Every structure is written in C-alpha cells, then in structure tokens.
Student: 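Take this structure, written in structure tokens, and hold onto it; I'll ask about it next.
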Number of protein chains: 2
Amino acid sequence: MANQMDILFLALADQTRRDVVERLTHGEAPIKELAAPHDMALPSFLKHIDRLEDAGVVTSRKVGRQRIVALTPEAFGPAETWIDRQKRVWEGRLDRLEAVAKRIEAETNPFPKDET
Amino acid sequence: MANQMDILFLALADQTRRDVVERLTHGEAPIKELAAPHDMALPSFLKHIDRLEDAGVVTSRKVGRQRIVALTPEAFGPAETWIDRQKRVWEGRLDRLEAVAKRIEAETNPFPKDET
DNA sequence: CATTTGGTTAGCCATGAAGCTAACTATTCA
DNA sequence: TGAATAGTTAGCTTCATGGCTAACCAAATG
C-alpha cells in the first residue's frame with residue numbers, strides 16, 4: 001500500500017535518519033562510524049540504514065567485514081519536485097485570481113482610475 | 001519524541017494526504033468535497049486532515065456547519081530547505097574533492113599537459 | 001588457530017498509525 | 001419543529017515502527 005514517494009518521505013521523517021543523511025553529505029562511512037553518535041543498539045540502528053536504502057537515499061557495499069554507506073542525493077528529486085509543483089500550482093492560482101479580479105473590475109468600472 | 005520536521009515529512013508520506021494537498025492548490029474546500037474522491041469512511045478521512053493541520057500544511061475554519069480547509073504552502077519551507085542544504089553540502093564536497101585532485105596533480109606532475 | 005571486531009538475524013515488546021462502526025452534536029431547511 | 005446534512009467523538013482492530021537482547025557469521029589479527 002506504500003508507494004515509492006511514501007517510502008521516501010517516510011525515510012526523512014525521523015531525526016536519526018536525517019542525522020545520518022547529514023553526516024553522509026560529508027562523505028561515505030562504515031556502519032559503526034555512522035552509529036557512534038546515536039545512543040541506540042546496533043540492530044536498531046541498522047534498521048534505519050535499511051530504511052534509507054529502501055528509499056534509495058543511500059547505497060552500501062561490503063568492504064571486508066565493513067559495510068560502507070554512501071549518499072545518493074538524486075533520490076531527493078521526486079520529493080523536491082512534488083513540493084515545487086504544489087507551490088507552482090498554488091502561485092498560478094493566485095495569478096489567475098488576480099487576472100479574474102482585474103477583468104471583473106474592468107467590466108464593472110468602464111473608466112478605471114488610472115485612465116484620465 | 002517527534003519534532004516538527006518529523007511531523008511535516010510524515011504528513012507528506014501518505015498518498016491520501018498528498019492528494020488532498022494537490023486538490024487544495026486549486027483552492028480551499030469543505031471536508032465533504034475533499035473526502036469525496038477517497039473511498040474511506042469520513043472519520044478515517046478526518047484524521048488525515050488533522051494530521052495535515054498538525055503539520056501546518058493546512059488550516060481550517062468553521063463556516064456554518066461546514067469546515068473549510070485551505071493550504072498554507074509556506075509550511076513546506078523547512079522540508080525544502082533541509083533537502084536543499086543536504087544537496088548543497090554534498091556538491092560542496094565534490095568541488096572540494098576536485099580541488100584536491102587538481103592540487104595533487106599539480107604536485108605530482110610539474111608539467112601539466114595543457115602547458116606546452 | 002583462537003580472539004576480537006563489525007555486522008547480521010531472529011524474535012520479542014510497546015507504541016502509534018490507519019482503518020472501521022456506532023452514536024452524537026450542531027446547522028440548515030422544509 | 002422535524003428531518004436532513006456536515007462534522008465530530010468514542011472505541012475498537014490490525015499492522016507498522018522503533019526499540020531491545022541474545023545468538024550468530026565472517027573477516028582480521030595476535
């Protein structure tokens with residue numbers, strides 16, 4: 001029942017996971033290093049990483065016994081695009097209302113004040 | 001345990017709620033009209049509206065027995081800003097890596113190829 | 001080869017989210 | 001004023017989320 005956008009927004013709806021993302025903007029890191037600042041058992045922390053990976057926000061690869069996690073910021077695209085579109089439609093609506101208001105004024109007042 | 005940003009992202013992490021937002025970009029509407037396209041009992045739908053309102057994405061006022069809901073797109077700000085910041089830090093990092101790479105090249109190769 | 005280290009798996013618990021029905025309140029309208 | 005309309009409240013179920021411990025696997029190291 002949860003689509004990709006649900007998963008993406010949900011991944012960002014948690015402070016721990018956003019902290020991990022912020023850390024990763026400075027470069028990839030192994031699980032242990034990522035987990036260090038978080039007062040949480042490792043298996044619990046792992047779930048957060050898995051959730052970020054499911055959302056496509058992060059990828060990971062095994063190097064020896066370490067798992068190196070890296071950011072994939074392209075993943076934010078759909079979220080940003082969606083928000084932008086909403087704002088643009090909303091602003092478009094304001095423009096249209098303004099246009100309507102002007103037309104009504106023109107129709108009801110055949111001698112607008114800016115015309116001498 | 002959930003901060004304001006959690007609540008905002010969580011509000012957007014649901015198709016029904018995103019649909020409502022999209023509808024509201026075209027103008028405010030009473031609950032019943034908003035609920036109509038959604039195959040869901042009214043009390044269930046109400047919870048979604050309440051969640052959007054908690055997140056600040058929407059406001060509502062009572063007019064007679066109707067409750068009119070309107071969008072407040074400024075609420076998206078924090079989400080957009082956060083995502084943008086992550087991308088900017090990430091890109092900054094790439095720039096820095098590039099700079100480092102250039103410096104290393106210059107140090108190891110005193111006669112770069114573009115110099116005759 | 002035994003031990004440490006880094007991660008993983010399995011399984012449990014408490015809480016919260018999303019849905020429902022039934023019953024209620026408050027406007028509006030005939 | 002009685003009936004219809006628009007929301008609301010209460011209370012229930014089911015499933016997901018976020019946390020835990022214990023036990024395990026596999027790579028690295030003494």
Side-chain angles (χ1 to χ4, degrees), chain A residues 1-24 27-71 79, chain B residues 1-24 27-71 79:
Chain A
M1 241 213 175
N3 60 38
Q4 194 54 36
M5 198 108 106
D6 290 9
I7 293 171
L8 175 55
F9 276 119
L10 206 59
L12 300 180
D14 179 284
Q15 189 62 57
T16 300
R17 292 191 291 262
R18 286 195 305 277
D19 287 348
V20 169
V21 168
E22 294 191 11
R23 163 63 187 80
L24 289 176
E28 58 182 26
I31 298 283
K32 213 207 168 184
E33 186 184 326
L34 292 174
H38 301 279
D39 186 19
M40 185 181 299
L42 202 60
S44 312
F45 183 78
L46 261 209
K47 283 199 202 171
H48 288 298
I49 300 294
D50 290 347
R51 252 137 151 351
L52 286 171
E53 197 157 13
D54 289 347
V57 169
V58 121
T59 53
S60 66
R61 67 202 146 89
K62 269 262 164 176
V63 173
R65 67 187 159 184
Q66 294 192 109
R67 181 171 157 202
I68 309 292
V69 183
L71 196 67
Chain B
M1 243 215 173
N3 60 36
Q4 195 55 35
M5 198 109 105
D6 288 11
I7 293 172
L8 175 55
F9 276 118
L10 205 59
L12 300 180
D14 180 283
Q15 188 63 57
T16 300
R17 293 192 290 263
R18 286 195 305 275
D19 287 349
V20 169
V21 168
E22 293 189 12
R23 163 65 187 78
L24 289 176
E28 58 181 29
I31 297 283
K32 214 207 168 186
E33 187 184 325
L34 293 174
H38 300 278
D39 184 20
M40 187 183 296
L42 201 60
S44 312
F45 184 77
L46 261 210
K47 283 200 204 172
H48 288 297
I49 300 294
D50 290 345
R51 252 139 165 322
L52 285 171
E53 195 155 14
D54 289 346
V57 169
V58 122
T59 54
S60 66
R61 65 202 148 87
K62 269 261 166 178
V63 173
R65 66 187 158 180
Q66 294 192 111
R67 181 171 157 204
I68 309 290
V69 183
L71 196 66

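What you are looking at is a predicted structure, and each value in this text was computed from that prediction instead of being measured. Below, read A as the first sequence line, B as the second, and so on, with proteins coming before strands; counting in each chain starts at 1.
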Student: Can you tell which of C:dC20, D:dG7, D:dT21 lies closest to the side chain of B:Arg67?
Tutor: D:dG7
Student: D:dC20 P sits how many Å from A:His38 NE2, rounded?
Tutor: 13 Å
Student: Using whole Å, what does the distance between atom P of nucleotide D:dC15 and atom CG of B:Asp14 come to?
Tutor: 18 Å
Student: C:dG7 base to A:Lys62 side chain: any donor-acceptor pair below 3.5 Å?
Tutor: no
Student: Looking at the side chain of B:Pro43, which of D:dT21, D:dG19, C:dT21 is the nearest nucleotide?
Tutor: C:dT21
Student: Between B:Asp50 (CG) and D:dT9 (C1'), how many Å, whole number?
Tutor: 11 Å
Student: Quick check for you: among C:dC20, D:dT8, D:dG18, whose closest atom lies nearest to any side-chain atom of B:Leu46?
Tutor: D:dT8
Student: Between atom CG of B:Leu12 and atom CG of A:Leu10, what is the distance when rounded to the nearest 0.5 Å?
Tutor: 11.0 Å
Student: Side chain of A:Arg65 only, please: which of D:dT9, C:dT4, D:dA6 is the nearest?
Tutor: C:dT4
Student: Whole angstrom is fine here: how far is it from CE in B:Met40 over to C1' in C:dC20?
Tutor: 11 Å
Student: Quick check on C:dA18: is either OP1 or OP2 less than 4.0 Å from any side-chain nitrogen or oxygen of B:Ser44?
Tutor: no
Student: Looking at D:dT17, I'd like to know if its phosphate oxygens (OP1 or OP2) sit under 4.0 Å from a side-chain N or O belonging to A:His48.
Tutor: no
Student: What integer distance in Å separates B:Leu34:CG from D:dA6:P?
Tutor: 13 Å
Student: How long is the span from the CG atom in B:Leu34 to the CD1 atom in B:Ile49, to the nearest 0.5 Å?
Tutor: 5.0 Å
Student: For B:Lys47 and for B:Ile31, locate the closest nucleotide of DNA chain D by heavy-atom distance; then report the residue assigned to the nucleotide nearer the 5' terminus.
Tutor: B:Ile31
Student: Hey, which of B:Asp14, B:Val21, B:Leu8 is the one that makes side chain to side chain contact (heavy atoms under 4.5 Å, CB included) with B:Leu52?
Tutor: B:Val21
Student: Checking all strands, does A:Leu42 fall into the base, sugar-phosphate, or nothing category for heavy-atom contacts under 4.0 angstrom?
Tutor: base
Student: Identify, between B:Ile68 and A:Thr16, the residue whose nearest nucleotide on DNA chain D lies closer to the 5' end.
Tutor: B:Ile68
Student: Could you check whether the side chain of A:Lys32 and the base of C:dG7 have a donor-acceptor pair of N or O atoms closer than 3.5 Å, going by distance alone?
Tutor: no
Student: Testing the basics here: between A:Phe45 and A:His38, what is the closest heavy-atom pair and its distance to 0.1 Å?
Tutor: CE1-CD2, 3.6 Å
Student: Which atoms form the tightest heavy-atom contact between B:Leu42 and B:Ala35, and what is the distance?
Tutor: CD1-CB, 3.8 Å
Student: Is A:Arg51 near enough to D:dA16 that one of its side-chain N or O atoms lies under 4.0 angstrom from OP1 or OP2?
Tutor: no
Student: Roughly, in whole Å, what's the span from CZ in A:Arg61 to P in C:dG7?
Tutor: 13 Å
Student: Roughly how many Å is it from CG in A:Leu10 to C1' in D:dA16, rounded to a whole number?
Tutor: 9 Å
Student: Check B:Asp54 with B:Arg17, please: is the shortest side-chain N to carboxylate O separation under 4.0 Å?
Tutor: no
Student: Figure out the CG/P separation between A:Asp39 and D:dG18, and round it to whole Å.
Tutor: 17 Å
Student: If you look at every strand shown and take non-hydrogen atoms under 4.0 Å, does B:Pro30 touch a base, only sugar-phosphate, or nothing?
Tutor: sugar-phosphate
